[in-house]
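Computed from a predicted model, the values in this text were never measured in an experiment. These numbers come from the heavy atoms of this one structure, side chains and all, not from hydrogens, waters or symmetry mates.
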Amino acid sequence: MSTNPMRPFALCISFLSLLISMAADTTSPYSPTDYFLLDCGSSSNTTSFDGRTWGVDSASKFSSSNAQNVSFESTADRQQASVEQVPYMTARIFNSQFTYTFPDSAGPKFVRLYFYPAAYSGIHESDFFFNVTSGVYTLLSNFSASLTVAAMEPQVASIVKEFIIHVWENQILNITFSPSPSFYAFVNGIEVCSMPNNLYISDSQPIPLVATKYLFPIDNYTALETVYRLNVGGASFGGERDTGMFRKWQEDSSYIFGAASGEILQGNDTDIRYTPATPAHTAPTAVYSSARRMGPVTNINLKHNLTWIFPVDSGFYYFVRLHFCEIGKHITRVNERVFDIFLNNQTAQEGADVIAWSTGVGIPIYQDYVVHMIQYESRGKQDLWLALHPNMDTGSWFADAILNGLEIFKLNQSYGSLAEPNPEPVRLPLPVLQPQNSKSKGLSAFTIIGAALLFGIFALLSLVYFFILGKRERLGCWESGKAKMKSMRRGGFSLPRELCRHFALSELREATNDFDDVLVIGHGGFGNVYKGYIDGGDTIVAIKRLKSKSKQGAHEFLTEIEMLSKLRHRHLVPLIGYCEEEGEMILVYDYMHHGTLRHHLYGADNDPLPWKQRLEICIGAARGLDYLHAGGQHPIIHRDIKSTNILLDHKWVAKVSDFGLSKMTPSDDPVTTVVKGTFGYMDPEYYKWMKLTQKSDVYSFGVVLLEVICGRAAVDRSLEYEQMSLANWARPCIEKGMLDEIIDPLLMGQIADDCLEKFVETAYDCLLDQGIQRPTMDDVVARLEFALQLQDNADATAEALTLTVSE
Ligand SMILES: *[C@@H]1O[C@H](CO)[C@@H](O)[C@H](O)[C@H]1NC(C)=O
Ligand SMILES: *[C@@H]1O[C@H](CO)[C@@H](O)[C@H](O)[C@H]1NC(C)=O
Ligand SMILES: *[C@@H]1O[C@H](CO)[C@@H](O)[C@H](O)[C@H]1NC(C)=O
Ligand SMILES: *[C@@H]1O[C@H](CO)[C@@H](O)[C@H](O)[C@H]1NC(C)=O
Ligand SMILES: *[C@@H]1O[C@H](CO)[C@@H](O)[C@H](O)[C@H]1NC(C)=O
Ligand SMILES: *[C@@H]1O[C@H](CO)[C@@H](O)[C@H](O)[C@H]1NC(C)=O
Ligand SMILES: *[C@@H]1O[C@H](CO)[C@@H](O)[C@H](O)[C@H]1NC(C)=O
Ligand SMILES: *[C@@H]1O[C@H](CO)[C@@H](O)[C@H](O)[C@H]1NC(C)=O
Ligand SMILES: *[C@@H]1O[C@H](CO)[C@@H](O)[C@H](O)[C@H]1NC(C)=O
Ligand SMILES: *[C@@H]1O[C@H](CO)[C@@H](O)[C@H](O)[C@H]1NC(C)=O
């Protein structure tokens with residue numbers, strides 16, 4: 001008899017898995033009847049950090065027979081520190097439609113899709129756009145994992161999308177990946193896990209629709225996507241500590257709004273007693289044994305709300321489940337802690353009393369609501385507000401409120417879609433200034449360091465203001481800084497009314513024929529720009545109406561007014577005034593007759609700009625930028641230099657615009673900050689290390705110079721991969737001296753050789769990898785002026801020659 005060398009090993013494995021499953025059986029209130037875990041693209045079974053075993057997806061019973069024809073296995077080109085080996089480092093890449101099938105029993109299932117955006121087999125992370133569907137449901141549409149991850153706050157490197165889908169009797173659960181035309185699809189891991197039948201959806205219990213008197217029926221025809229699952233007042237914990245369904249619970253501190261962040265309540269000595277109404281699989285004891293309450297000072301609590309803010313996609317219904325459990329020593333009877341619950345500023349529940357609901361201390365209970373996030377003009381994110389406020393109407397003993405946990409799910413739209421558009425490319429939200437209540441003990445070190453850091457930066461900036469500004473302005477500025485800080489705490493903002501003209505909303509409505517669409521001259525993530533006539537039609541202006549919904553918008557609005565009202569320069573777009581009324585944020589500028597530089601280079605049917613004019617525009621924009629960097633007493637980094645932010649007035653004078661992302665820096669030292677800007681223009685040093693310097697603007701300006709000479713976009717996805725990014729494509733061409741390859745054909749014969757050489761060399765130097773090697777803007781201006789001079793000389797010589805010839 002031959003001995004199988006693998007035998008003891010296999011035995012050992014099965015013994016281990018037996019142990020693991022036994023452990024799971026004894027600790028988990030629920031053990032899944034169906035459980036599939038696939039490490040896609042892996043060639044052998046793997047084990048993740050949490051001890052779970054992941055199977056292979058190739059040639060398995062889950063993948064369709066054409067697997068090898070339409071997909072291949074690949075490994076990510078890099079592993080970021082926070083990214084675990086399993087399942088993220090291997091992926092299956094699809095070049096056309098591909099379906100996984102899971103032979104599930106009937107009932108609701110969690111479907112979790114794991115994505116780590118990276119380059120796979122030379123396919124860049126921006127080349128993945130795809131749909132994921134399951135039966136009639138569209139789970140993801142034109143999904144880009146890299147754009148989604150880039151927009152997430154707090155920052156992450158990978159993402160798990162969790163859905164709940166009902167599998168019907170005699171049906172197979174299918175998950176289909178379909179790449180968008182000329183793009184690819186990928187997935188790193190797939191998890192399918194069954195759950196108790198009535199955990200979230202029970203046909204017998206319709207749920208109140210907030211702000212109406214209706215009950216909303218969620219039946220088993222509806223698919224859900226988990227958008228938030230929080231362990232309020234407690235720490236984040238991973239899947240294996242859940243009640244058997246591997247759900248991930250996150251801490252809530254990133255979502256708490258304003259100064260009244262409440263106080264953390266720890267009840268780990270309270271016995272959590274589950275009931276038939278709230279069985280043990282509902283949520284782990286870790287969720288119920290920690291909570292957040294308003295705080296000890298009862299009367300002050302009446303002046304506040306305990307508020308959380310959750311950005312969600314517009315145009316969907318959301319299923320909100322709030323978990324409660326009284327764990328304090330002081331609250332043991334009915335009418336001791338009574339509060340109101342507001343969802344989206346509407347009363348969802350009056351007189352909530354956890355003890356009355358649950359009948360005692362340590363008994364968990366949950367309440368469900370449905371909220372409709374109405375879709376206004378455009379799709380995109382909106383904030384879902386959850387606020388708790390003490391209710392003293394029934395003579396409650398304490399003025400306080402409590403919350404232990406929360407889950408928010410998106411419901412599919414009537415045609416079965418759960419998909420949202422991709423976020424705006426790499427425009428990350430600003431870190432929100434959230435001074436924390438330093439008395440609360442449960443704050444993590446991270447929040448404290450973060451708050452200290454923010455305060456430090458603020459203090460530093462204030463000091464800089466204090467020292468460099470003139471005597472007259474000193475106190476005023478300090479005060480307005482304080483006022484700004486204060487108003488940010490409230491979530492609002494203050495405006496330097498004295499610095500520029502203030503418009504009434506009615507004035508601007510009249511100027512734009514009530515924001516008539518035919519007057520729109522530009523639009524972007526921020527909102528629309530309208531052409532308008534003010535002062536009785538005498539003055540033409542550009543009116544930028546920011547989308548009022550976002551906090552980020554408010555920050556950028558304020559930044560832009562502050563920057564522009566202080567800066568005046570021939571090559572910066574002049575701000576005339578602003579309007580802030582009825583939640584509107586509107587900026588009014590001089591009208592720039594010729595629009596953006598980009599529209600005179602490519603993509604629009606304008607007459608091609610002659611070379612000398614292009615050169616003069618570049619010099620103008622460079623001077624504007626140089627003024628920002630060096631002209632004032634405190635350097636300013638623009639952060640979003642691109643050809644659409646260089647505007648041209650009626651005399652073709654270049655003006656730098658859009659200061660919404662700009663940053664004032666205390667010195668020449670790099671500022672560490674969240675990465676913001678536009679894809680294709682972003683300094684690799686800034687992108688990689690988050691070190692922002694003036695040289696980041698120089699890099700972006702180098703890309704603009706290339707656009708000017710090449711007559712093409714910074715990123716052109718219709719081209720082959722090597723050519724897609726202008727900077728990456730042009731640099732090797734310049735190194736090899738293959739300038740003819742890259743130059744805009746419309747410029748042929750117009751450029752003097754030595755001028756071309758000087759210009760291209762300048763652009764090339766601006767794009768050097770290390771900021772320190774790039775020229776300053778001052779230097780760039782000088783070099784471009786020199787290039788112009790070379791061109792003038794050549795033109796003069798040519799003219800002289802033609803004159804001589806014609807004589
Ligand atoms: C992977 O695990 C599955 C079940 O756990 C087992 O049936 C299969 O043989 C394993 N495959 C390999 C390559 O070890
Ligand atoms: C894969 O493609 C080849 C050629 O296109 C075809 O002959 C073969 O049948 C395909 N195999 C499967 C499993 O679809
Ligand atoms: C869905 O709900 C219907 C109606 O209540 C019920 O008869 C059916 O069994 C449910 N299906 C599943 C898969 O739970
Ligand atoms: C899944 O696909 C199979 C065939 O591949 C099909 O018979 C079944 O109806 C599909 N299930 C759903 C829910 O669409
Ligand atoms: C992806 O989904 C969208 C919206 O449902 C649809 O218009 C598009 O055709 C789908 N693309 C592919 C490749 O299936
Ligand atoms: C409760 O938990 C906190 C924080 O995790 C810990 O500091 C404390 O010692 C625990 N108390 C008990 C009684 O276990
Ligand atoms: C709720 O109220 C706050 C101010 O109290 C406001 O900023 C927010 O936009 C409101 N939310 C909605 C959805 O109306
Ligand atoms: C609490 O929030 C609700 C709903 O947004 C609002 O109506 C109420 O004015 C707020 N109360 C306080 C004290 O801020
Ligand atoms: C979700 O989609 C299904 C299938 O299209 C539909 O029957 C159901 O009503 C939708 N749910 C909601 C809440 O619109
Ligand atoms: C897919 O998303 C990208 C990025 O948001 C967008 O530019 C593109 O137009 C979208 N494609 C489709 C077909 O919707």
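Considering every non-hydrogen atom in both Lys109 and Ser194, the closest pair reads NZ-CB, 3.6 Å. Asn404 and Ile327 make their closest contact through ND2-CD1, 4.3 Å (heavy atoms, listed as atom of the first residue, atom of the second, distance). Shown here for Pro196 and Pro108, the closest heavy-atom pair between the two residues is O-CG, 4.0 Å. Between Lys381 and Ser314 the shortest heavy-atom distance is C-OG, 4.3 Å. Here the closest non-hydrogen pair linking Tyr274 and Thr285 is OH-N, 3.1 Å. Annotation for Thr278 and Pro364: closest pair OG1-O, 3.1 Å, computed over non-hydrogen atoms.
Evaluation of the ring-ring contact (aromatic ring centres under 6.0 Å, His included) rule for Phe110 yields no partner, not counting sequence neighbours. For His323, the ring-ring contact (aromatic ring centres under 6.0 Å, His included) criterion is met by Trp249, Tyr288, not counting sequence neighbours. The ring-ring contact (aromatic ring centres under 6.0 Å, His included) search around Phe115 returns Phe130, Phe143, Phe186, not counting sequence neighbours. With sequence neighbours excluded, the residues satisfying side-chain hydrogen bond (donor to acceptor under 3.5 Å, both in side chains) with Arg321 are Asp368. Taking the salt bridge (Lys or Arg N to Asp or Glu O under 4.0 Å) definition, one finds that Asp271 meets it with nothing, sequence neighbours left out. With sequence neighbours left out, Ser158 forms a side-chain hydrogen bond (donor to acceptor under 3.5 Å, both in side chains) with no residue at all. Qualifying salt bridge (Lys or Arg N to Asp or Glu O under 4.0 Å) partners for Glu125, counting only residues two or more places apart in sequence or in other chains: Arg78. Thr394 is linked by a side-chain hydrogen bond (donor to acceptor under 3.5 Å, both in side chains) to Asn335, counting only residues two or more places apart in sequence or in another chain. Under the ring-ring contact (aromatic ring centres under 6.0 Å, His included) criterion, Phe163 pairs with no residue at all, not counting sequence neighbours. Residues meeting the side-chain hydrogen bond (donor to acceptor under 3.5 Å, both in side chains) test with Gln349, sequence neighbours left out: Tyr369.
With 3.5 Å as the limit, one finds no donor-acceptor pair spanning the side chains of Tyr116 and Gln79. Remark: the Ser82 side chain and the Gln80 side chain contain no N/O donor-acceptor pair separated by less than 3.5 Å. Residues Asp34 and Ser105 bring a donor and an acceptor atom of their side chains to less than 3.5 Å of each other. Side chain to side chain, Ser290 and Asn231 meet the donor-acceptor criterion of an N or O pair below 3.5 Å. Under 3.5 Å, the side chains of Gln250 and Ser236 contain no donor-acceptor pair of N or O atoms.
Counting only residues at least two apart or on different chains, the salt bridge (charged side-chain N to carboxylate O under 4.0 Å, His left out) pairs with a member in residues 323-334 are Asp269-Lys329, Glu326-Arg337, Arg333-Glu336. For residues 342-366, no residue pair satisfies the salt bridge (charged side-chain N to carboxylate O under 4.0 Å, His left out) rule, not counting sequence neighbours.
In this structure, Tyr317 contributes its side chain and Leu209 its backbone to no donor-acceptor pair below 3.5 Å. The backbone N or O of His389 lies less than 3.5 Å from no partner atom in the side chain of Asp340, so there is not a single donor-acceptor pair. Side chain of Ser144 to main chain of Leu147: a donor-acceptor pair is present (N/O by atom type, distance under 3.5 Å, no hydrogens or angles). No side-chain donor-acceptor contact under 3.5 Å links Gln367 to the backbone of Val320.
Taking a 6.0 Å sphere around CD of Gln205, one finds it holds 12 or fewer heavy atoms contributed by other residues, nucleotides or ligands.
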Item to complete: Begin with the C-alpha distance, continue with both residues' side-chain angles, and end with the deciding distance and a verdict on side chain to side chain contact (heavy atoms under 4.5 Å, CB included) for Thr148 and Ile159.
Response: CA-CA 8 Å; Thr148 306; Ile159 186 173; 3.7 Å; yes
Item to complete: Could you check Tyr366 against Glu407 for side chain to side chain donor-acceptor pair (under 3.5 Å), going step by step and ending with a plain yes or no?
Response: CA-CA 10 Å; Tyr366 60 81; Glu407 291 172 277; over 6 Å; no
Worksheet item: Given Glu225 and Lys161, is the salt bridge (charged side-chain N to carboxylate O under 4.0 Å, His left out) satisfied, shown in steps?
Response: CA-CA 8 Å; Glu225 177 182 350; Lys161 287 278 189 181; 3.2 Å; yes
Worksheet item: After noting the C-alpha distance and the side-chain angles of Glu162 and Arg229, does the key distance pass the salt bridge (charged side-chain N to carboxylate O under 4.0 Å, His left out) rule?
Response: CA-CA 11 Å; Glu162 182 183 279; Arg229 179 177 289 125; 2.9 Å; yes
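To the nearest 0.5 angstrom, Asp219 atom CG is 4.5 Å from Thr222 atom OG1. For the atom pair CD1 (Ile309) and CH2 (Trp385), the distance works out to 4.0 Å, reported to the nearest 0.5 Å. Here the CG-CZ distance, from Asp242 to Arg247, works out to 4.0 Å after rounding to the nearest 0.5 Å. How far CE of Met294 is from CG of Leu403: 12.5 Å, rounded to the nearest 0.5 Å. Within the model, atoms CD1 of Ile164 and CG of Asn412 stand 12.0 Å from one another, a figure rounded to the nearest 0.5 Å.
Looking at Leu388 and Asn305, their side chains never come closer than 4.5 Å, going by heavy atoms from C-beta outward. Between Tyr114 and Trp54, some side-chain heavy-atom pair lies under the 4.5 Å cut-off. Between Ile408 and Phe310, the closest side-chain pair of non-hydrogen atoms falls below 4.5 Å. Taking 4.5 Å as the limit, some side-chain heavy atom of Ile218 sits within range of a side-chain heavy atom of Val370. At a threshold of 4.5 Å between non-hydrogen side-chain atoms, the residues Leu113 and Val111 count as touching. Put simply, the side chain of Leu386 does not reach to within 4.5 Å of the side chain of Thr307, judged on heavy atoms. Residues Ile363 and Cys325 are not in side-chain contact: their nearest non-hydrogen atoms beyond the backbone lie 4.5 Å or more apart. In this structure the side chain of Leu418 never reaches within 4.5 angstrom of the side chain of Thr138, judged on heavy atoms.
Both tests hold for Arg52 against Phe246: distance to the six-membered ring centre under 6.0 Å, angle to the ring axis within 45°. By the 6.0 Å and 45° rule, Lys410 stacks over the aromatic ring of Phe316.
Each of Asp39, Thr46, Asn188 was checked for a side-chain hydrogen bond (donor to acceptor under 3.5 Å, both in side chains) with Thr90, and the lone residue meeting it is Asp39.
Between Phe409 and Tyr200, the ring center distance clears the sub-6.0 Å criterion. For Phe257 and Trp308, the ring centers sit 6.0 Å or farther from each other.
Ring-plane geometry between Tyr255 and Tyr228 is classed as perpendicular, the angle between the planes exceeding 60 degrees on a 0 to 90 degree scale with a lower cut at 30.
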